Engineer: 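A single structure is presented below for examination.
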Amino acid sequence: MSSKRQLQKESTRKKIIETAYLVYSEQGFNATTATIAKEAGLSHGAIFVHFPSLDELMTCLIEEFGATLTLELHSLVETNKSMEELLRIYLEVLIKHEKFYSRLITERSRLPEEVRMTLANLQSLIAHHFNNVIEREIDKQTVKKIPVHMIFNTWMGLTHYYLLNKDLFSPDTPVLERYREDIISTFLELIKR
Amino acid sequence: MKVCIACGMPMKEVAEYAGGDTSKDYCIYCARPDGSMQSFEEKKAGMIDFIVRTQGFDEKAAAQLAESNMKKLPAWKECFE
């Protein structure tokens, strides 16, 4: 295959992934491949040239989303960040992807297993960053001696609660941005020694 | 910047490479004390422990999660064939 065709193929694939991200963010994972094709300005068949099945498209999309998040988090979390800085970075990254991330957590049980696993792996990565910081802060006695997983799960519970009830907390504007300071300061107050 | 072949972590700083050696393709967390890369079983057990400790998941679910993660990593490809 000529390199020009290869490039074009690559750019169409990228276009499909980017469009799927936007369409799923807006409409949820019930959106059809026909909608994605239409929004991307492609024929319906073109999608299946690149992704033989819907599961495959979703898995690729979540994997790329995961890779983006991994890089964004990893490049921001320097080795000596404080708990507060970590929470800020985490929310910063999530705010950028709020709509899509909300869809993932609200519709999780209906997603293919492969996609659910990829999402869970993404959470593990976040747990890894938390673990590094929490252990250091517990050693320094700046954070209460609570099991790492409970500190992490409490934080996830708190942020997910706002995301899942966005219609009640912030129907018209992104919810995490609006409550960012409340969420961070309250959580820190709870875990600080 | 390389990505660890055994766990997928981006290696940004020299200290993140096994033994601080940037010619290595695996990270500090995937190395044994002698600097060699952990085996499949060692890495899997380590990942399960880590998931249970940091997220509190059920052990069986953690094992499933660890395997699904390892399946995608170049270091363990042949273990799943």
Side-chain angles (χ1 to χ4, degrees), chain A residues 55-56 59-60 62-81 86 90 93 108-109 111-136 138 145-157 160, chain B residues 1-20 22 24-31 38 40 42-77 79-81:
Chain A
D55 277 15
E56 210 152 312
T59 306
C60 285
I62 310 299
E63 267 173 17
E64 293 207 3
F65 176 66
T68 308
L69 236 59
T70 307
L71 265 182
E72 286 176 359
L73 276 172
H74 201 84
S75 67
L76 289 169
V77 181
E78 300 294 333
T79 22
N80 275 319
K81 287 274 192 251
L86 176 69
Y90 176 75
V93 171
R108 182 180 175 279
S109 62
L111 296 172
E113 192 189 334
E114 179 78 15
V115 177
R116 290 206 307 271
M117 282 292 153
T118 310
L119 176 62
N121 275 318
L122 182 59
Q123 313 284 37
S124 291
L125 173 93
I126 298 163
H128 165 77
H129 287 301
F130 264 70
N131 179 59
N132 288 346
V133 178
I134 293 169
E135 283 193 334
R136 205 173 49 236
I138 289 180
K145 218 174 162 186
I146 302 169
V148 170
H149 71 277
M150 287 312 294
I151 297 187
F152 178 67
N153 292 348
T154 304
W155 168 256
M156 293 302 268
H160 283 193
Chain B
M1 185 191 64
K2 286 202 248 182
V3 170
C4 173
I5 58 166
C7 75
M9 184 182 91
M11 298 183 287
K12 198 173 46 154
E13 285 161 37
V14 178
E16 289 175 326
Y17 287 83
T22 55
K24 292 270 198 313
D25 295 320
Y26 51 95
C27 76
I28 182 167
Y29 302 106
C30 295
Q38 291 178 11
F40 177 79
E42 283 169 332
K43 190 64 215 170
K44 189 176 152 192
M47 277 190 180
I48 295 171
D49 275 358
F50 187 79
I51 293 168
V52 171
R53 189 164 60 80
T54 58
Q55 294 175 274
F57 289 166
D58 170 81
E59 207 155 305
K60 226 166 81 187
Q64 205 188 354
L65 192 54
E67 271 198 26
S68 91
N69 192 14
M70 292 174 91
K71 232 180 230 173
K72 292 183 205 130
L73 295 160
W76 318 115
K77 263 219 161 86
C79 304
F80 292 96
E81 277 163 7

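Note on naming: letters A, B, ... go to the chains in the order of the sequence lines (proteins, then strands), and numbering restarts at 1 for each one. These figures come from a predicted structure and were not determined experimentally. Basis for what follows: all heavy atoms, side chains included, without hydrogens, waters or symmetry-related copies.
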Engineer: Is the shortest heavy-atom distance from the side chain of T118(A) to the side chain of K72(B) under 4.5 Å?
Structural biologist: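 Yes - at least one pair of side-chain heavy atoms lies under 4.5 Å apart.
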Engineer: With a 4.5 angstrom heavy-atom cut-off, could you sort out which part of M47(B) is near chain A: side chain, backbone, both or neither?
Structural biologist: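 Contact with chain A is absent: no heavy atom of M47(B) under 4.5 Å.
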Engineer: Under a 4.5 Å heavy-atom cut-off, does chain A meet the side chain of I51(B), its backbone, both or neither?
Structural biologist: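 For I51(B), the contact with chain A is made by the side chain alone.
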Engineer: With a 4.5 angstrom heavy-atom cut-off, is it the side chain or the backbone of Q123(A) that approaches chain B, or both, or neither?
Structural biologist: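 Both backbone and side chain.
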Engineer: More than 12 heavy atoms of other residues, nucleotides or ligands under 6.0 Å from CD of E42(B): yes or no?
Structural biologist: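 Buried by this count: over 12 neighbours within 6.0 Å.
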Engineer: So what's closer than 4.5 Å to chain B heavy atoms on L71(A): side chain, backbone, both or neither?
Structural biologist: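 Interface part for L71(A): side chain.
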Engineer: Just say parallel, tilted or perpendicular for the rings of F50(B) and H128(A), cut-offs at 30° and 60°.
Structural biologist: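 Rings of F50(B) and H128(A): tilted, 30 to 60°.
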Engineer: For the residue pair N131(A) and R53(B), what are the closest heavy atoms and their distance?
Structural biologist: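 Nearest heavy atoms, N131(A) then R53(B): OD1-NH1, 3.3 Å.
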Engineer: Measure the spacing between OG of S68(B) and CD of E113(A) and express it to the nearest 0.5 Å.
Structural biologist: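 Answer rounded to 0.5 Å: 8.5 Å.
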Engineer: For a side-chain contact (heavy atoms from CB on, under 4.5 Å) check, start with the C-alpha distance between M9(B) and L125(A), then their side-chain angles and the critical distance, and finish with the verdict.
Structural biologist: CA-CA 9 Å; M9(B) 184 182 91; L125(A) 173 93; 5.9 Å; no
Engineer: Looking only at atom types and distance, does a side-chain atom of N153(A) sit under 3.5 Å from a main-chain N or O of Q55(B), one as donor and one as acceptor?
Structural biologist: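 Checked: pair present.
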Engineer: Does a side-chain heavy-atom distance below 4.5 Å link S124(A) with T54(B)?
Structural biologist: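 No, side chains not in contact.
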Engineer: With only heavy atoms counted, which part of K71(B) is less than 4.5 Å from chain A, the side chain, the backbone, both or neither?
Structural biologist: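 Neither part.
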Engineer: List for me each residue that meets side-chain contact (heavy atoms from CB on, under 4.5 Å) alongside V3(B), sequence neighbours excluded, and say none if there are none.
Structural biologist: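 Partners of V3(B) by the side-chain contact (heavy atoms from CB on, under 4.5 Å) criterion come out as none, since no residue qualifies.
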